[in-house]
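Notes follow the structure.
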Amino acid sequence: MPGHIPPANPFDDNLLQHGLEDSGIGTCDLNLATRELALSPTACKLFGLSPDESIDYTRFLSLLEPEDRERTERGIERSIADGTNFDIQYRIATPHGATHWLRTRSAVVKGQNGAVHLSGIVIDIEEQKQLEAALRVREGHLRSILETIPDAMIVIDGRGIMQFFSKAAVRQFGYSESEAIGKNVSMLMPNPDSARHDSYLERYRATGERRIIGVGRIVSGKRKDGTIFPMHLSIGEMQTEGEPYFTGFVRDLTEYQQTQARMQELQSELVHVSRLTAMGEMASALAHELNQPLAAISNYLKGSRRLLASDTEENRAKIESAMDRAAEQAIRAGQIIRRLRDFVSRGESEKRVEKASKLIEEAGALGLTGAREQGVSLHFNLDPDHDLVLVDRVQIQQVLVNLFRNALDAMTESAQRIMIVTSSRAAGDMIEIAVSDTGHGIGKEHQARMFQTFFTTKKTGMGVGLSISKTIIEAHGGRMWTEDNPAGGATFRFTLPAAPSEGLTDAG
Amino acid sequence: MPAEGLVYVIDDDPAMRDSLDFLLESAGLKARLFESAVSFLDALPELGPGCIVSDVRMPDLDGLELLRRLRETNKSLPIIIMTGHGDIPLAVEAMKLGAIDFIEKPFEDDRLIGTITTALSGVAQRHKGDAVAADIASRIASLSQRERQVLDGLVAGLSNKLIARDYDISPRTIEVYRANVMTKMQASSISELVRFAIRGGLLKD
């Protein structure tokens, strides 16, 4: 049996004993041969015994809370067997029925007479245990709160390494907590963000310039299975012991987007129906109204034709007068058509200074879902120096989403699938945005009709998107046109009025 | 060879009245113009024989109401109704109410003047039971059941789409039946088809 001979003692054992006793540390000693247990007065007090009560090992075990008895005994036996130190926490049942936490640490030592003892100290750890319990309760609360938040919560350190990955994050991204924690958060993003995220962090550390922190944006996320989904990301920053940590809240917009898509579908159906109704009503009202001058013109001309057959001088004046009246009716018909035009081009929108790059990015998060899964490679060549436009954000995003979806649709059967979005300065203080694809192109025969209402080359299209888009762009003072690419595919271009970057501040 | 009687033109549009007056005069017909059905009805007791050419859509009292009012009087003037293009249900309704014919604006002068001349000479009243009507009835009889359903739909002023829905067949199929109906009925336009159908006795109140 292993054991230690105590080294030569530089202390006065008596003094030391007093010091320990007075500071609430009891000492205990178990003679392994006799199983006799010696307890100091403080130890007796801690065990709920009278100061000089003698106690053997069996009695000691009986004092323990039944649940802790076996575990404690096993610990002691192991120490005896292996000669290892003994450190165990257990509860003592007090005479009042309550329990009390104690901790005993002891070592196997050889006495002077060669007897082997298990000797050590007993301390009260009730307060510590209560604190631990309170802490556990609080942590449990916090955890349950975090787990009930539908938004995923991810904490990363200053290098982008994930430190916390909530249940909702597991649900949203498909990675388990253990698969995520310790890894770089860039695995949750598609390219180009994935490749650049480390540099985003570095840039923030270097410049302190906040691009997303505290703002919240719509970006794309990547699940474990590789699928991309639109998400709203808001990030908060905290400093813990000098180290920066970033907490990201992620809301999956897939469902929201599906709802939006459905709403847009319904809305465009509504637009379709209401336009049809309005146009139907207008068409019948106009047909009747236009018929009047047309019938009158026809009558004047037919009558004149009859009079010409009987060629007399007195008819000449009548015919001349009828011609004048016919011409007046033609002008009346023209005015009716002008009224129709005014009706169609009516409508005001809310314009603000917006970043084209941001409009494109947000429209991309909504309109380009599933693009990468389709094997479409996306390129953005945006001119940062000519970025500000004066537009109605929602309307222009509608146009962009529409163009993006069209481009994707056009490429479903292409071998090569590349979509390029560019922005650049255009003449007349405009900014031109181009969306080009490698799809089936438009073809000369459709080129002219591409923007007509109800014209479509799609099997299930309604032919409303582009005509509305064009109306929107023109209402912004821009132009929209299209061309086939020399190498195949189509490019849709539109211009928007550039917003002056200076002169917008209130300064001066 | 001008026919007997005046042409009473009723239209709320001054240009229509004026141009009709001009056209009728060029054909040797004499017209009297009324700007509303109300003013025509006011003048009716003192009016001599003639023929009415009236617009169907008018404020206050429209062409159909005029037909109903005329039924209640003992004056039986033949009446031709002017409709807008494709206003088939209105035209059918007008025929049911006793109009002798309908013409669509803008109209062929020959057809308008021909119809007016016929009306003034009193031939229109004898239309039913004449050889033409019997011929048209035999054309209607030659239609298949489906073609007859399509004809009924067209005369009721329904679109191809609506007829297709009623019989649960595709609009494309309806187009084919419609073409067959036009051929068998020897009609060159939808309004002619409706006119034939009416003359063939297809319309029952």
Side-chain angles (χ1 to χ4, degrees), chain A residues 269 272-273 276-277 279-337 339-340 454 459 462-463, chain B residues 1-2 7 9-31 33 35 53-59 62-63 80-91 102-117 157 159 161-162 191:
Chain A
E269 261 173 55
H272 182 73
V273 169
L276 271 186
T277 314
M279 281 168 68
E281 280 170 9
M282 227 158 55
S284 99
L286 270 174
H288 184 71
E289 217 177 320
L290 270 175
N291 251 331
Q292 300 293 101
L294 290 179
I297 292 166
S298 164
N299 290 346
Y300 286 128
L301 294 179
K302 298 280 188 184
S304 301
R305 185 72 192 77
R306 283 170 183 274
L307 293 181
L308 280 173
S310 54
D311 185 22
T312 65
E313 194 52 36
E314 66 164 308
N315 283 347
R316 189 189 159 90
K318 282 188 187 171
I319 293 169
E320 276 174 1
S321 151
M323 291 289 161
D324 287 342
R325 283 176 279 170
E328 272 170 32
Q329 292 304 306
I331 289 164
R332 175 181 166 195
Q335 282 164 345
I336 293 167
I337 291 168
R339 282 215 314 269
L340 168 73
F454 306 138
K459 283 186 191 104
M462 287 197 301
Chain B
M1 171 217 62
V7 182
V9 173
I10 309 169
D11 199 304
D12 59 315
D13 188 316
M16 272 308 296
R17 288 197 304 272
D18 184 61
S19 66
L20 263 173
D21 186 33
F22 176 75
L23 177 65
L24 296 176
E25 192 193 332
S26 76
L29 292 162
K30 280 215 152 36
L33 311 176
E35 59 176 25
V53 176
S54 172
D55 190 20
V56 71
R57 289 177 195 258
M58 288 181 294
D62 68 12
I80 300 162
I81 289 289
M82 296 183 287
T83 68
H85 177 71
D87 245 346
I88 300 299
L90 267 181
F102 68 91
I103 51 169
E104 289 170 288
K105 286 183 197 170
F107 27 71
E108 285 294 321
D109 54 340
D110 287 337
R111 219 181 80 67
L112 175 70
I113 288 157
T115 311
I116 291 172
T117 318
S159 66
K161 222 182 244 177
L162 285 175
S191 43

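So you know, we letter chains A, B, ... as the sequences are listed, proteins then strands, and number each from 1. In what follows, every heavy atom counts, from backbone to side chain, and hydrogens, waters and symmetry copies are set aside. Just so it is clear, the structure is predicted and the values come from calculations on it, not from any experiment.
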Would you say CD of B/E108 has more than 12 non-hydrogen atoms from neighbouring residues, nucleotides or ligands within 6.0 angstrom? no
If you compare all heavy atoms of [X] against all heavy atoms of [Y], which two are closest, and at what distance to 0.1 Å?
| X | Y | value |
| --- | --- | --- |
| A/A296 | B/A15 | CB-O, 3.8 Å |
| B/F22 | A/Y300 | CE2-O, 3.2 Å |
| B/P106 | A/A295 | CB-CA, 3.5 Å |

Is any side-chain heavy atom of A/N291 closer than 4.5 Å to a side-chain heavy atom of B/M16?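 Of all side-chain heavy-atom pairs linking B/M16 with A/N291, none is under 4.5 Å.
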B/I113 and A/R306, any side-chain heavy atoms less than 4.5 Å apart: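 Side-chain contact under 4.5 Å: yes.
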Nearest 0.5 angstrom please: [X] [atom1] to [Y] [atom2], how far?
| X | Y | atom1 | atom2 | result |
| --- | --- | --- | --- | --- |
| B/S19 | A/L294 | OG | CG | 11.0 Å |
| B/S26 | A/I319 | OG | CD1 | 9.5 Å |
| B/R17 | A/N299 | CZ | CG | 13.5 Å |

Between A/R332 and chain B, with a heavy-atom cut-off of 4.5 Å, which part of the residue counts as in contact: side chain, backbone, both or neither? side chain
Where does A/S321 contact chain B at under 4.5 Å (heavy atoms): side chain, backbone, both or neither?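 Neither part.
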Which answer fits B/D11, side chain, backbone, both or neither, if we ask what part of it has an atom under 4.5 Å from a heavy atom of chain A? side chain
What residues, two or more places apart in sequence or in another chain, satisfy side-chain contact (heavy atoms from CB on, under 4.5 Å) together with B/I103?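 In terms of side-chain contact (heavy atoms from CB on, under 4.5 Å), with neighbours along the sequence ignored, B/I103 is linked to B/I80, B/M82, B/F107, B/R111, B/L112.
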